[in-house]
Amino acid sequence: MSTAIIAIGAAIAVFTGFGAAIGIGIATKAAVESVARQPEADGSITKLLMLGAALAEGTAIFGLVVAILIILFLG
């Protein structure tokens with residue numbers, strides 16, 4: 001298999017990190033606005049924000065693992 005095709009496949013797998021970063025940014029923006037409107041709900045908003053950020057980072061890490069596997073096993 002061509003090395004260029006393997007590199008392109010790994011790059012596409014790593015693009016999941018961009019989606020995770022955008023999602024976490026949007027979630028953080030919403031959480032900051034929520035705390036600004038209702039400061040007494042700070043604790044519950046922070047818990048939900050951390051849960052969502054962890055799930056989004058999980059998809060980014062999964063994409064990184066797939067990219068590494070593509071490089072190691074097909075390269």
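Just so you know, these numbers use all the heavy atoms, side chains as well, and skip hydrogens, waters and symmetry mates.
Taking CD of E40 as the reference point, atom CD1 of I45 lies at 8.5 Å (rounded to 0.5 Å). Atom OG1 of residue T46 and atom CG of residue L51 lie 12.5 Å apart, to the nearest 0.5 angstrom. For the atom pair CD1 of I24 and CG of L55, the computed distance is 10.0 Å after rounding to the nearest 0.5 Å. Distance check: I70 CD1 to I5 CD1 gives 12.5 Å after rounding to the nearest 0.5 Å. Interatomic distance, T16 OG1 to E57 CD, rounded to the nearest 0.5 Å: 9.5 Å.
Evaluation of the side-chain hydrogen bond (donor to acceptor under 3.5 Å, both in side chains) rule for T59 yields no partner, not counting sequence neighbours.
Here the options are I71, V65, V66, the test is side-chain contact (heavy atoms from CB on, under 4.5 Å), and the partner is L69; only V65 passes.
Of all the heavy atoms in A20 and A56, the pair that sits closest is CB-O, 3.3 Å. Here the shortest heavy-atom pairing between A60 and G17 reads CB-CA, 3.9 Å.
F15 is not connected to I26 by any chain of hydrophobic side-chain contacts under 4.5 Å among Ile, Leu, Val, Met, Phe, Trp and Tyr, and they are in different clusters. Follow the hydrophobic side-chain contacts under 4.5 Å out from V14 and you never reach I61; the two are in separate clusters.
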